[in-house]
Amino acid sequence: MDALVAQLQMQYRNYTASLYQQGFLDDQFTELKKLQDDASPDFVAEVLSLFFEDCVKLIGNMARALDQTGTVDFSQVGASVHQLKGSSSSVGAKRVKGLCVTFKEYCEANNYEGCVRCLQQIDIEYKALKTKLQDMFNLEKQIVQAGGKVPQVDN
Amino acid sequence: MGMAAAESQFHVLAVDDSLFDRKLIERLLQKSSCQVTTVESGYKALEFLGLRQGIESNDPTALSPSPQEVEVNLIITDYCMPGMTGYDLLKRVKESSAFKNIPVVIMSSENVPARISRCLEEGAEEFFLKPVRLADLNKLKPHMMKTKLKNQKFEAIENPSNDENGTAAAGEPEIKDSVEMGIKILPIQSEPEPKQVLLHVVQQEEQTPSNNKRKSMEEGLSTDRPRPRLEGIATAV
């Protein structure tokens with residue numbers, strides 16, 4: 001049992017560390033984890049779930065705004081990008097936030113192709129992050145089920 | 001009403017139009033041992049405080065809870081909100097005689113120096129860049145302590161036999177700037193019976209006629225009010 005726990009914990013540590021190293025997460029994610037405790041044991045999962053819902057909603061808004069036959073309202077696109085930039089920044093979703101920064105610049109420059117490219121990339125990126133985090137949470141569950149404690153990993 | 005228990009925790013009113021950000025700031029504040037109320041707009045915030053649009057809380061017909069039941073030690077608000085911005089809310093609070101002494105903190109995801117200085121000039125205590133962190137909230141403790149201690153010093157003055165340190169919130173760290181006690185008054189926030197308020201107000205001379213009426217020889221307390229409007233607020237119980 002202990003050997004299994006130890007192995008899972010090592011797997012978890014490596015996996016989580018890699019998420020930081022590969023730029024999926026930054027230290028804001030570490031800050032989020034600090035807010036989770038016995039009083040709020042699912043805080044991180046709840047926040048992430050809200051974040052991913054935001055992604056779907058805002059990306060939908062951006063896609064619709066960019067899909068206008070005729071003149072595109074770049075300020076409308078920009079407003080959604082601004083919101084996504086805020087929430088990705090608060091959650092520690094480093095790559096998504098970075099893309100939002102670029103996206104915002106394209107909006108301000110009224111660069112249609114740039115915006116469309118960014119939109120596609122953000123869509124791919126948030127989905128990739130979602131999958132990675134699900135894998136991470138699964139490892140946490142396995143550790144707990146095996147009777148162990150989830151180790152602290154602060155990048 | 002268990003006043004003692006309620007007073008041992010700071011109560012923060014958090015304002016943000018984003019559900020996501022409200023959830024975050026709420027958890028941050030809870031983690032910092034604060035009681036939190038979150039609202040989604042400046043209007044809702046004013047309502048919560050008891051200030052309706054253009055109606056001060058000295059309106060006896062106002063439906064909102066009397067200010068005395070809602071003690072707020074700090075307001076933390078997002079800057080960019082539709083309708084009433086955080087800056088607008090800040091102004092409204094600072095213009096209100098009842099609540100101008102509540103510290104206000106502004107949050108923003110954008111680092112715009114002009115915006116920051118405008119807010120600080122208007123009386124904001126701090127300006128936080130989002131994402132806000134636990135370490136940022138530690139800066140707020142002194143501001144909230146000021147308000148709390150003023151209220152409690154208030155009671156200490158009224159009951160001179162009490163040890164002042166004893167009335168300080170349990171478990172809260174001592175602050176150094178307790179010297180400014182007794183100069184400003186906040187009768188609204190913790191006093192259920194304002195007419196018993198005793199003020200060690202050194203510089204104030206203003207008295208309204210009705211205050212004189214309430215001077216009672218038996219009570220031996222003075223009810224000097226520096227600002228006549230407070231008189232009206234006190235009656236809106």
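Convention: sequence-line order gives letters A, B, ...; per-chain numbering from 1.
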Go through the steps to decide whether A/Q28 and B/R133 satisfy the test side-chain hydrogen bond (donor to acceptor under 3.5 Å, both in side chains), and finish with yes or no. CA-CA 8 Å; A/Q28 178 58 24; B/R133 298 185 163 189; 3.1 Å; yes
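Note that NZ of B/K130 is 9.5 Å distant from OG of A/S89, once rounded to the nearest 0.5 Å.
With a 4.5 Å cut-off on non-hydrogen atoms, B/Q30 does not touch chain A at all.
Contact annotation: the side chain of B/R27 approaches that of A/S40 to within less than 4.5 Å [non-hydrogen atoms, C-beta and beyond]. Side-chain contact between B/L24 and A/V91 is absent, with no heavy atoms from C-beta onward closer than 4.5 Å.
For NZ of B/K44, the number of neighbouring non-hydrogen atoms (other residues, nucleotides, ligands) closer than 6.0 Å is 12 at most.
For the options A/K85, A/K34, A/Q83, heavy-atom pairs under 4.5 Å to chain B are most numerous at A/K34.
Taking a cutoff of 4.0 Å between a charged side-chain nitrogen and a carboxylate oxygen, B/K23 and A/E53 do not qualify as a salt bridge.
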